[in-house]
A.B. asks: 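Next up is a structure, given as structure tokens.
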Protein chains: 2
Amino acid sequence: MVTIADVAKRAGVSKMTVSRVINGSGYISQETRERVEKAIQELDYVPNSLARSLRFKRTRTIGLILTDITNPFFTTLARGVEDAASEHGFSVIFCNTDESAEEESRYVNVLTQKQVDGLLLVPTARTPESITFLENRNLPFVLLDRRVPDFRVDVVRCDSEQGAHDLVYHLLSLGHQRIAALGGSMHITSSTDRIAGYRRALREAGLEHEAHRAVFSSFTIEGGFSAANKALTMQPPPTALFAANNFIAIGAFRALREAGLRVPQDISLVSFDDLPMSVGFDPFLTIIEQPAYEMGHRATQLLLERLSQDGPGEPQDIILPVNLIVRVSSAPPAAG
Amino acid sequence: MVTIADVAKRAGVSKMTVSRVINGSGYISQETRERVEKAIQELDYVPNSLARSLRFKRTRTIGLILTDITNPFFTTLARGVEDAASEHGFSVIFCNTDESAEEESRYVNVLTQKQVDGLLLVPTARTPESITFLENRNLPFVLLDRRVPDFRVDVVRCDSEQGAHDLVYHLLSLGHQRIAALGGSMHITSSTDRIAGYRRALREAGLEHEAHRAVFSSFTIEGGFSAANKALTMQPPPTALFAANNFIAIGAFRALREAGLRVPQDISLVSFDDLPMSVGFDPFLTIIEQPAYEMGHRATQLLLERLSQDGPGEPQDIILPVNLIVRVSSAPPAAG
DNA sequence: CTGTTAGCGCTTTCAA
DNA sequence: TTGAAAGCGCTAACAG
């Protein structure tokens, strides 16, 4: 390995002078600078940022802890993070927790050891431990997509409550009165907020007594499948289903197909989150679209801001607006 | 920051003893070990892996350079990489090049500075520079998804040639004779290999003279759109289109829709790569499915193997089999 | 079983 | 404008 000492020797200067050339700090004569640069070229020298970080106490690296990069929502978010980080010369280490709190703590620990400058975190259902850990270490972090109740920390998320409200309002305006909500975990705020929005829409329509049709499951295809099946057993049956995320919508769609129900003729189906790639083909599902890329980008910017400021700063709860896209999966209820 | 020295002082031992406890190396009396562990607990000590890596000359971190994490094919691949890495206690730094060779060199450089132990790389059209750079530094790397001609290096990829052949053979068996191929860049082997497979299928069917219907563009929706439009101007027009990847298929589908052509009644459309999320809804497209997750997992295993062995080892070209899935977008050509 | 010394590659003092 | 010494946090090598 070529080190700064090798360059120094070759250029006939001290290590310090080489360091100054690399970092563009301090005064250096034009002539020495050129000699050093030549030596760097000739030796094909690349600085060791490990050693550098050890001194600087900054790594220009952030951690990104997601639940599952395979969900296109998080994929797009991750892309926003990487772009924003890269714009500022930061690198991103990424990790998948699969909603497991154990994995989350493990990764938080690993990333701490690696001395990341900050952390972006999609909290699992049981995140407080990690938050306390990070706060004790004064390691800056920003929560993504989900709040964690009882903690005053930076969060960047979408307006789940309003989005769900808008989606359900849309169904109500079509004439639906019996709408079932297929939620995710009841310990994840993006799920509970969406159920809250569902309830508010019903309340505003004077259909409070119909709000019991909310089923919690998980943000997975299986969760959506079973939740939809449960909803279909309700008496009288719902005329529309509101899926709290894209995976749930897929599972629900399967359940409907197996039950021999056509969308939207027999039952309407709407969803929070889009299915990006399918849009090219068959823009089918009426959805709430979340600005996933902006979310990642914005959260990264906030984090980098935190890194460059002194104190912790007033915690921000940044709520991005969402967007209703009406397509063909929602229609007025059947006459019957 | 709590360092090993703080722990040592608190436990009344030397730093070395603490180090031994942490690493489980050397002999330590039960009593001392407990005292040290207690001190670690009390101080909430987390080792600094920067310092550790500086000594060990290993970071237990690998770099993953993709063209675009937003493509579900690469998303799934990335997930395979992260899982395999995590199984072995490795972390992953990820980067998107957007097919730019400049970005690629920049990231290769950054990751080298960060002293990653190895690199996974989806090469862009102009990768040789990066390869030479890595080889000069003896930094182990494995290429993903695409070969780079004239270099004997480790590659993990799918059988593009055979897959394309199978897909076109499928069209031929349906009775199609005029099949256009919509390729990606002519400088990317996954693209050229697929075109080669297309040509072989035609040749085997004695339709060599029809092989001129291959259009190169890029692995993007726009590329697919324009390539399809070009194909549609051919005289006589093709009765089937073969898209060399998922994005191209989407662009082609749009072009067909705008031209008022129905799939598969008026024209058949088949594609390399699936559209994972849309499968839940409307398994529509006849495709070649690639084992993206396995590819990422396998490549990571190979890389980690390289890291733990002494010499460079004989370069491997691992070719994973692909899978034809016939759905409804392919049908016999219209009578006309 | 435990401690001391030296040094990984770099940069922050402080001198010259 | 340049350099020497010290040290970031850790561990290998050698003592004891």
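Since the model is a prediction, treat every value here as computed from it, not as a measurement. Naming: A, B, ... by sequence-line order, numbering from 1 per chain. Just so you know, these numbers use all the heavy atoms, side chains as well, and skip hydrogens, waters and symmetry mates.
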A.B. asks: Is the closest basic N to carboxylate O distance between B/Arg152 and B/Asp317 below 4.0 Å?
C.D. replies: no
A.B. asks: Report yes if at least one side-chain N or O of A/Ser29 is closer than 4.0 Å to OP1 or OP2 of D/dT2; otherwise report no.
C.D. replies: yes
A.B. asks: Taking all heavy atoms of B/Thr3 and all of B/Tyr45, pick out the closest pair and write down the distance.
C.D. replies: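 Closest heavy-atom pair between B/Thr3 and B/Tyr45: C-CE1, 3.6 Å.
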A.B. asks: Looking only at side-chain N and O atoms, does A/Thr17 come under 4.0 Å of OP1 or OP2 in D/dT2?
C.D. replies: no
A.B. asks: Considering only side-chain heavy atoms of A/Met16, which listed nucleotide, D/dT2, C/dG3, C/dT12, is closest?
C.D. replies: C/dT12
A.B. asks: Going through the checks in order, is the salt bridge (charged side-chain N to carboxylate O under 4.0 Å, His left out) test met by A/Lys38 and A/Glu34?
C.D. replies: CA-CA 6 Å; A/Lys38 183 148 160 286; A/Glu34 277 164 12; over 6 Å; no
A.B. asks: For a quick check of understanding: with a heavy-atom distance under 4.0 Å over all strands, which category does A/Leu54 fall into, base, sugar-phosphate or nothing?
C.D. replies: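 A/Leu54: base contact, heavy atoms under 4.0 Å.
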A.B. asks: Let me confirm one number: the CD1-CG distance from B/Ile62 to B/Asp117, rounded to the nearest 0.5 Å.
C.D. replies: 9.0 Å
A.B. asks: In whole Å, I'd like the distance from the CE atom of A/Met1 to the P atom of C/dG9.
C.D. replies: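 Value for this atom pair: 6 Å.
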A.B. asks: OP1 or OP2 of C/dG3 versus the side-chain N and O atoms of B/Ser14: is any pair under 4.0 Å?
C.D. replies: yes
A.B. asks: From CD of B/Gln115 over to C1' of C/dC10, roughly how many Å is that when rounded to an integer?
C.D. replies: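 Interatomic distance, CD of B/Gln115 to C1' of C/dC10: 11 Å.
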A.B. asks: Would you please confirm or rule out a distance under 4.0 Å between OP1 or OP2 of D/dG9 and any side-chain N or O of B/Tyr45?
C.D. replies: no
A.B. asks: Whether A/Asn48 contacts C/dC8 is assessed here as follows: a side-chain N or O lying under 4.0 Å from the phosphate OP1 or OP2. Is that the case?
C.D. replies: no
A.B. asks: Give the rounded distance in Å between these two atoms: CD1 of B/Ile40 and P of D/dC10.
C.D. replies: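 In whole Å, D/dC10 P and B/Ile40 CD1 are 10 Å from each other.
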A.B. asks: How many Å lie between CZ on A/Phe56 and P on D/dC8, as a whole number?
C.D. replies: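 In whole Å, D/dC8 P and A/Phe56 CZ are 16 Å from each other.
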A.B. asks: I need the CG-P distance between A/Leu50 and D/dC10, as an integer number of Å.
C.D. replies: 13 Å
A.B. asks: Using a strict cut-off of less than 4.0 Å between a Lys/Arg side-chain nitrogen and an Asp/Glu carboxylate oxygen, indicate whether B/Arg10 and B/Asp6 qualify as a salt bridge.
C.D. replies: no
A.B. asks: How far does CG of A/Leu64 sit from CG of A/Leu121, to the nearest 0.5 angstrom?
C.D. replies: 9.0 Å
A.B. asks: Can you tell me how far C1' of C/dT2 sits from OH of B/Tyr27, to the nearest Å?
C.D. replies: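 For the pair B/Tyr27 OH and C/dT2 C1', the rounded distance is 14 Å.
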A.B. asks: If you compare every side-chain N and O of A/Ser19 against the phosphate oxygens of C/dT11 (OP1, OP2), does one of them come in below 4.0 Å?
C.D. replies: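 Yes, A/Ser19 has a side-chain N/O under 4.0 Å of OP1/OP2 on C/dT11.
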A.B. asks: Quick one: bend of the helix from C/dC1-D/dG16 to C/dA16-D/dT1 from 5 pairs per end, to 10°?
C.D. replies: 40°
A.B. asks: Let's test your reading of the model: under 3.5 Å, does the base of C/dG9 pair with the side chain of A/Arg52 as donor and acceptor?
C.D. replies: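 Absent.
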A.B. asks: When you look at CD of A/Gln41, are more than 12 heavy atoms from neighbouring residues, nucleotides or ligands closer to it than 6.0 Å?
C.D. replies: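 No, CD of A/Gln41 has 12 or fewer neighbouring heavy atoms, counting only those of other groups under 6.0 Å.
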A.B. asks: Give a yes/no on whether any side-chain N or O of B/Lys57 is located under 4.0 angstrom from OP1 or OP2 of C/dG9.
C.D. replies: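 So the side chain of B/Lys57 is within the cut-off, an N or O lying under 4.0 Å from OP1 or OP2 of C/dG9.
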A.B. asks: Rounded off to whole Å, could you give me the CZ-to-C1' distance for the A/Arg58 and C/dT12 pair?
C.D. replies: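 Going from A/Arg58 (CZ) to C/dT12 (C1'), I get 14 Å.
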A.B. asks: Grab the NZ-P distance between B/Lys15 and D/dA12 for me, whole Å please.
C.D. replies: 13 Å
A.B. asks: For the atom pair CD (B/Glu104) and CG (B/Leu66), what is the distance rounded to the nearest 0.5 Å?
C.D. replies: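 Those atoms lie 11.5 Å apart.
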A.B. asks: With DNA chain C as reference, determine whether A/Val46 or B/Arg33 sits nearer its 5' end, using the nearest nucleotide of each.
C.D. replies: B/Arg33
A.B. asks: Classify the side chain of B/Arg55 versus the base of C/dG9 as yes if they form a donor-acceptor pair under 3.5 Å and no if they do not.
C.D. replies: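 For B/Arg55, whose side chain was compared with the base of C/dG9, there is no donor-acceptor pair (under 3.5 Å).
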A.B. asks: With sugar-phosphate meaning primed atoms plus P, OP1 and OP2, does B/Thr32 contact a base, only sugar-phosphate, or nothing at under 4.0 Å between heavy atoms?
C.D. replies: sugar-phosphate
